[in-house]
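We're numbering straight along the sequence, starting at 1. Since the structure is predicted, the reported quantities are computational estimates derived from the model, not experimental observations.
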Amino acid sequence: MHRFGQDLLLWVGILGMAWLMGQSELGQRIDEVEHVSGWRGSVLIFTVFLLVMVAIALAAADRVRGKWLVTAGAVTYPLCLMHYVAGTTVINRLRDAMDARVLVVVVIGGFVLLSRVVQRLVERPVAGVLKRGLDTSFARLSECGAGGLSPFTGWAFSRTAVPGKFTCAYGC
């Protein structure tokens with residue numbers, strides 16, 4: 001919506017259907033799988049998240065600035081990887097031991113903190129090693145001439161003098 005503009009298809013067709021389909025999925029998951037919360041609370045949280053995404057799409061959040069956004073963005077990937085299975089496990093084990101509101105705050109805070117630790121101690125060092133390795137690989141490819149990666153095989157190819165013909169250029 002922010003990039004290409006608003007229209008009825010985006011609002012009703014995509015956002016409205018996502019919200020309706022989310023209600024069905026939430027009800028089924030709570031009844032058959034999760035058993036950790038009520039449907040009303042889940043619908044409220046899901047609706048709030050959709051409204052936040054709408055605000056971002058409509059550029060209402062463009063005024064939000066700060067260095068903390070970089071940290072928040074870096075933490076989202078490890079959080080996304082870890083939160084579901086581990087979070088529901090923790091909630092299932094502790095739901096009878098503490099108040100639900102306290103449990104939610106503790107689980108969210110704990111997983112954000114754990115995600116920050118994973119980002120600093122795992123993701124950041126591994127990213128440096130991967131970047132150096134990929135830079136070396138792409139430098140070798142660029143020495144072989146203008147080319148690219150085949151979408152089918154992943155091998156590097158470069159153009160030959162014959163139009164439409166390619167030769168393997170990796171390791172030349």
Side-chain angles (χ1 to χ4, degrees), residues 1-135 138 148-149 151 154:
M1 290 181 191
H2 179 64
R3 185 172 181 186
F4 297 109
Q6 304 175 39
D7 62 20
L8 191 60
L9 174 65
L10 290 175
W11 280 106
V12 176
I14 296 175
L15 188 65
M17 288 304 296
W19 188 82
L20 288 173
M21 291 171 62
Q23 307 318 301
S24 172
E25 179 71 20
L26 283 171
Q28 180 183 2
R29 291 191 70 82
I30 289 168
D31 291 342
E32 299 172 10
V33 180
E34 303 296 336
H35 307 292
V36 295
S37 64
W39 183 78
R40 287 184 182 144
S42 298
V43 169
L44 177 67
I45 292 169
F46 180 67
T47 303
V48 167
F49 279 122
L50 278 180
L51 291 174
V52 167
M53 290 192 296
V54 166
I56 291 168
L58 296 176
D62 284 356
R63 294 181 300 271
V64 178
R65 301 271 184 225
K67 292 182 179 182
W68 67 273
L69 283 173
V70 175
T71 303
V75 167
T76 56
Y77 184 66
L79 181 63
C80 184
L81 293 177
M82 294 185 297
H83 84 282
Y84 180 71
V85 174
T88 53
T89 302
V90 169
I91 290 171
N92 280 326
R93 299 228 185 225
L94 297 177
R95 69 179 172 189
D96 295 329
M98 60 177 35
D99 181 59
R101 292 168 292 224
V102 173
L103 180 58
V104 167
V105 171
V106 167
V107 168
I108 291 172
F111 273 95
V112 169
L113 182 63
L114 179 63
S115 298
R116 179 66 174 154
V117 169
V118 168
Q119 188 269 332
R120 292 280 298 183
L121 299 179
V122 177
E123 188 177 337
R124 189 180 280 184
V126 169
V129 171
L130 284 174
K131 182 181 183 329
R132 286 188 297 277
L134 288 172
D135 286 347
F138 287 125
L149 296 179

Residues 48-59, side-chain donor-acceptor partners within the protein, below 3.5 Å, at least two apart:
none

Which atom names give the shortest non-hydrogen contact between Gln23 and Phe46, and what distance separates them?
NE2-CD2, 3.5 Å
Could you give the distance from CG (Leu81) to OG1 (Thr76), rounded to the nearest 0.5 Å?
9.5 Å
For Arg93, the option from Thr89, Asp96, Val90 that meets side chain to side chain contact (heavy atoms under 4.5 Å, CB included):
Thr89
Atom CD1 of Ile108 and atom CG of Leu113: how far apart are they, to the nearest 0.5 Å?
13.5 Å
Can you tell me how far CG of Asp99 sits from CG of Leu94, rounded to the nearest 0.5 angstrom?
12.5 Å
Show me the donor-acceptor pairs, under 3.5 Å and distance only, between side chains in residues 117-134 and residues at least two apart or in other chains.
{"unit_1": "Gln119", "atom_1": "OE1", "unit_2": "Arg116", "atom_2": "NH1", "d": "2.8"}
{"unit_1": "Lys131", "atom_1": "NZ", "unit_2": "Asp135", "atom_2": "OD2", "d": "2.8"}
{"unit_1": "Arg132", "atom_1": "NH1", "unit_2": "Gly128", "atom_2": "O", "d": "3.4"}

Looking only at heavy atoms, what is the nearest atom pair of Leu79 and Val112, with distance?
CD1-N, 4.2 Å
Leu103 and Arg95: which non-hydrogen atoms are nearest, and at how many Å?
CD2-CA, 3.7 Å
